[in-house]
Visitor: 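Sharing a structure below in C-alpha cells format, with a few things to ask.
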2 protein chains.
Amino acid sequence: MLAIERKKLILDYLKKRHYATVSELADSFHVHEATIRRDLSAMQKEGVLFRTHGGVTINEDDEIHSEPSFNEREIAEYNEKQQIGLAAAEMIQDGDHILLDSGTTTLHIAKSILDKKDLTVVTNDINIASTLRNQKDIKVIVTGGILFPESYMLNGKFTDDVLQSLNLHKAFVGTPAIHFQRGITHFDDQLVSAKQNMIAAAREIIAVADHTKFGRVSLHKVADVHQIDCIITDRHIDPEELQRWQDINMDLHLA
Amino acid sequence: MLAIERKKLILDYLKKRHYATVSELADSFHVHEATIRRDLSAMQKEGVLFRTHGGVTINEDDEIHSEPSFNEREIAEYNEKQQIGLAAAEMIQDGDHILLDSGTTTLHIAKSILDKKDLTVVTNDINIASTLRNQKDIKVIVTGGILFPESYMLNGKFTDDVLQSLNLHKAFVGTPAIHFQRGITHFDDQLVSAKQNMIAAAREIIAVADHTKFGRVSLHKVADVHQIDCIITDRHIDPEELQRWQDINMDLHLA
DNA sequence: GCTTTTTTCTTTCAATAGCCAACATATGCA
DNA sequence: TGCATATGTTGGCTATTGAAAGAAAAAAGC
C-alpha cells in the first residue's frame, strides 16, 4: 500500500471516529508503529490532524471548529486573526454584497463590520449569522445545508444550490492550506465543492489565512492562484514566503 | 482510550448535566480516580471547567453564542414552554426525522431532545441549530434563507425551496394564533409561506402553542384545523377552550 | 462550638506504554 | 550498480497511569 493511500485512509477513519491510537492504526494497516508515527507527524505538519500521546485526533482548528480554547494555538493566533478581520473590513464598502466563509478568521471579519451601512452578507456559518443578526443595516442570508458536526458550518447540496444562485461583489474565503504555486487546497474533500461555489459566485475573491497556513499543500485542490484576487494575512508571515507571492504579483495585505 | 478523548467526553458530559463527581467519572471511564483528577486539573488550567471538592462543574460563559439579554418573548411563559418542550420530546423516537419551526417554544423542544439517538432535525432557526450542534447523534439541517431582523429565524425563497424538497416524519410548528374553527393564522404574511411548506413536508403535524395563543385569529390563514394532527399546550388553558377542542376530537396534550 | 471520622485531594514513586533518533534493511528507479 | 525513499529495529528517554501515604476538607457526632 502506498503511503499516500494510507494517509488518506487515516483521514477517512478520523472523520468518522474522531480519534485513533497509533497501535490501532498500525494493526489495521499491518505496518510498524513507527511508520504510522511518521505518517502522523507529516500530516500534523500539514495541519490536517493533531497528534496526542498515544494517538491522534482530527484538527478541526478552524475550518470546522469553534470549541473555544481547547488547544493553545487557537489562543496564540487570536490576535492575528483579529487583525486580519480589521484589515478585511477596510476592504468592504457600504452597500456591498459580500460572502463570508465559515471559520474563526472570517468570524473576526463579521465582528469588524458591524457599523457598515446597507450591507448584504451571505454566509454558511450560523455563528457569523448570529453575530450579525442584530444589525439593522446588514441583511444576512444563510446558505442552509447540513450542520457540520461540532461546528457552526453548513455544507452539502443545499449550500451549493444557494451559492450557485447568487452573484456577489466580494467573497472572503478561509483556507487551511495555501501555496504560491498549488493555490488553495483542502484536506477534506467534502468541503471543496462549497468553497469552489463561493469562488464562482463572487466578482472579487479575497483569501484570508493566518501565516501558519502558508506553504501548506493538502490533497484536494480548491482553486488556482490566479483565481484569487487578493490575500489577507498577518505580519508573522515568513519573509521568503512573502517574496514568493510578490514575485508573482499577488496583492497580499499584511494586517 | 486516549487521554484527549476522555477529556472531550468529560466536557460533553458536562454540557448535558452541569455537574459530575470524580468517582462517577472514574467509574464510567474505568480509570483510576487520580487520572480523572489529573485530567480535571489540566482542563481547569485551560479554563474550560471548574473543579470543586468531590467533582467538577462547567464554566460555560465562553460560548460565543450565549445571548444574556433574553427578550421579553423568551421570558414570557418560560416554564410553560419548558413543559411543552418536554412533552414534545416524549413524542419523538430515536431515528425520527423531525422539523422544528423557529421560536422559543420549539427551542425548548430542542433542549429536551439532546440525548436522543440517530435523530435528523430540520430547522429554520439558527439558535435551535446552535443548541443541537454538539450532539453527535443528531444530524442538523438548516433551511437557509434571509435572517429575520432581530431574531434567529430564516425565511424567504431559499427556506421554501429546501422545505419543499424534504419529507419528514413529524413537524413541530409554532404559532401566535390558533382557533378551533379558523385553525392556525398569522399576523405576518411573509411567514405564511414557510409555515405552509413545513406542514406540507411532514407526515404528522404537531402544533405547539402556550395557552395564551388559543382563541386568537390573525389576518393571514396558515392552516386549517384538519391539517393539524396534534396540539401540545400547557395546563393553564381555559377549560371551555379545552372542551371546544375535545368536541372536535383534536388530540390535545396538556404538558 | 469542638473533636472525631470519613471523604477527597495532593504528592510521590514505580511500572508501563509510548516516543524519538539513529541505524539497518528493503524497495524502486535511473 | 548507486542513489533515494520508505519501512523496520533497537535502545534510551519521556509521559501517563495506578497505588499508596500523608494533608486538607467536609461530614458526623457530641
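FYI, side chains are in, hydrogens and waters are out, and symmetry mates aren't considered; it's all heavy atoms of this structure. Protein chains get the first letters and strands the later ones, always in sequence-line order, with residue 1 at the start of each.
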Visitor: Between atom CG in B/D39 and atom P in C/dT10, what is the gap in whole Å?
Guide: 13 Å

Visitor: Identify, between A/S41 and B/G54, the residue whose nearest nucleotide on DNA chain C lies closer to the 5' end.
Guide: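 Taking each residue's closest nucleotide, the earlier one in sequence belongs to B/G54.
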
Visitor: Could you please name the option among D/dA19, C/dC9, D/dG8 that lies closest to any side-chain atom of B/R38?
Guide: D/dA19

Visitor: Would you tell me if any nitrogen or oxygen in the side chain of B/T35 comes within less than 4.0 Å of OP1 or OP2 on D/dT16?
Guide: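 Checking B/T35 against D/dT16: no side-chain N or O falls below 4.0 Å of OP1 or OP2.
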
Visitor: Write down the distance between CD (A/E33) and P (C/dG18), rounded to a whole number of angstrom.
Guide: 7 Å

Visitor: Identify which one of A/D125, A/T159, A/T123, A/T143 satisfies the side chain to side chain donor-acceptor pair (under 3.5 Å) criterion when paired with A/S102.
Guide: A/D125

Visitor: Could you tell me the separation between the CD atom of A/E5 and the P atom of D/dT7, rounded to a whole number of Å?
Guide: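 Taking atom P of D/dT7 as the reference, CD of A/E5 is at 11 Å.
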
Visitor: Classify A/T52 by what it touches in the nucleic acid, base, sugar-phosphate, or nothing, heavy-atom distance under 4.0 Å.
Guide: sugar-phosphate

Visitor: What is the distance, to the nearest angstrom, from the NE2 atom on A/H30 to the P atom on D/dG8?
Guide: 12 Å

Visitor: Considering residues, nucleotides and ligands other than A/R182, do more than 12 of their heavy atoms fall under 6.0 Å from its CZ?
Guide: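 At most 12 heavy atoms, drawn from other residues, nucleotides or ligands, come within 6.0 Å of this atom.
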
Visitor: Nearest to the side chain of A/A3 - D/dT7, C/dC19, C/dT10?
Guide: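 Ranking D/dT7, C/dC19, C/dT10 by closest atom to the A/A3 side chain puts D/dT7 first.
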
Visitor: Give the rounded distance in Å between these two atoms: CZ of B/F29 and P of D/dT16.
Guide: 17 Å

Visitor: Which whole-number value in Å describes the distance from B/I4 CD1 to D/dT17 P?
Guide: 12 Å

Visitor: For B/L40 and C/dT8, what is the distance between atoms CG and C1' respectively, to the nearest whole Å?
Guide: 13 Å

Visitor: At less than 4.0 Å, is any side-chain N or O atom of A/R51 found next to OP1 or OP2 of C/dC20? Yes or no.
Guide: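 So the side-chain polar atoms of A/R51 do come within 4.0 Å of the phosphate oxygens OP1 or OP2 of C/dC20, strictly under.
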
Visitor: Distance check needed: C/dA22 P versus A/R37 CZ, whole Å only.
Guide: 16 Å

Visitor: Is it true that A/R244 and A/E241 make a salt bridge, defined as a side-chain N closer than 4.0 Å to a carboxylate O?
Guide: yes

Visitor: Using a cut-off of 4.0 Å on non-hydrogen atoms, how would the nucleic acid contact of A/H32 be classed: base, sugar-phosphate, or nothing?
Guide: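 Base, at least one base heavy atom under 4.0 Å.
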
Visitor: Any idea which heavy atoms bring B/T131 and B/L114 closest together, and the distance?
Guide: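 Closest approach of B/T131 to B/L114, heavy atoms only: O-CD2, 4.0 Å.
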
Visitor: Looking only at side-chain N and O atoms, does B/R6 come under 4.0 Å of OP1 or OP2 in D/dT17?
Guide: yes

Visitor: The side chain of A/H53 lies closest to which of these nucleotides: D/dA15, D/dA26, C/dT10?
Guide: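 Of D/dA15, D/dA26, C/dT10, D/dA15 is nearest to the side chain of A/H53.
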
Visitor: May I ask you to check whether A/H236 and A/E80 show a side-chain donor-acceptor distance below 3.5 Å?
Guide: yes

